[in-house]
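Take a look at the structure set out below.
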Amino acid sequence: MRITIIYDNEVWKGGLKADWGFSCLVEAYGKEILFDTGGNGSILLGNMEKLNIDPTTIEEIFISHAHWDHMDGISDILRVNPVKVYIPASWAEPSGAREVIRVAKGPLKIHENIFSTGELRDIEQSLVVKTEKGLVVIVGCSHPGVRDILNAASQLGKPYAIIGGLHGFNEFDLLKDLQLVCPTHCTQFKEKIKSLYPKKCVDGGAGQVIQI
Ligand SMILES: [Zn+2]
Ligand SMILES: [Zn+2]
């Protein structure tokens, strides 16, 4: 599987635009799922163009939670491609989608080997992809807490990686059994996490591609 960070607070690859927010393309098992949409549709579409990601080939959008920095880019992409959207049940539906799946408590299988943790603490869902190495967990801001997210994912297997925003996260021991950590977006203690787990950490930033 492959994860391409399209939208992030920082850039990893020159030529892309940094902006507060998060979005990545998840390619796994023949599916192309856009995880979150950043805070600004023109930056999202501009970065996609520079990364040679065709917005019309995206099959679904998975919204971790509807905070502006994860959701406000959605209308521009739905205008180009009105796909199916998964959103936690506590949030209002976006308009312009072909179909909206409101995800309640989970886990929820969305495709073979691809799951939502279900909505946790009435705010956020994470995307979980089963791989031969273990589970790849993709998070928006981790508002429910990394502990609860990893616990929820563990119902599906053994977590291998966590990628995304780790807002306020400081229970660093929880990362010790993971093999890959990409702490990005709103993660406050990025440097601390990198210093504790230098071999596991992968930098985030728009343009980063993580192949698993
Ligand atoms: Zn948030
Ligand atoms: Zn955020």
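Counting starts at 1 for both ligands and their atoms, in listed order. Just the heavy atoms: all of them, side chains too, but no hydrogens, waters or symmetry mates, feed the values below.
H67 contributes ND1 and H143 contributes NE2; the angle these two atoms make at the Zn ion (ligand 1) is 90°, rounded to 10°. Vertex the Zn ion (ligand 2), arms ending at SG of C141 and NE2 of H70: the angle is 90° after rounding to 10 degrees.
The pair K194-D203 meets the salt-bridge criterion, with a side-chain N (NZ, NE, NH1 or NH2) lying under 4.0 Å from an Asp/Glu carboxylate O.
Distances from the Zn ion (ligand 2) to each N, O or S atom of D69 single out OD2 as the nearest. Within H65, NE2 is the N, O or S atom that lies nearest to the Zn ion (ligand 1).
Contact annotation: C186 places no N, O or S atom under 2.8 Å from the Zn ion (ligand 1). Residue H185: an N/O/S atom is found under 2.8 Å from the Zn ion (ligand 2).
The main-chain N or O of D36 is never found under 3.5 Å from a side-chain atom of Y7 such that the two would form a donor-acceptor pair. The closest donor-acceptor contact from the side chain of E32 to the backbone of E59 lies at 3.5 Å or more, if one exists at all.
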Practice item. Begin from the C-alpha positions of D8 and H185 and carry the test side chain to side chain donor-acceptor pair (under 3.5 Å) through to its verdict. Key: CA-CA 6 Å; D8 206 344; H185 175 42; 4.6 Å; no
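In this structure, OG1 in T187 is found 15.0 Å from NZ in K192, a value given to the nearest 0.5 Å.
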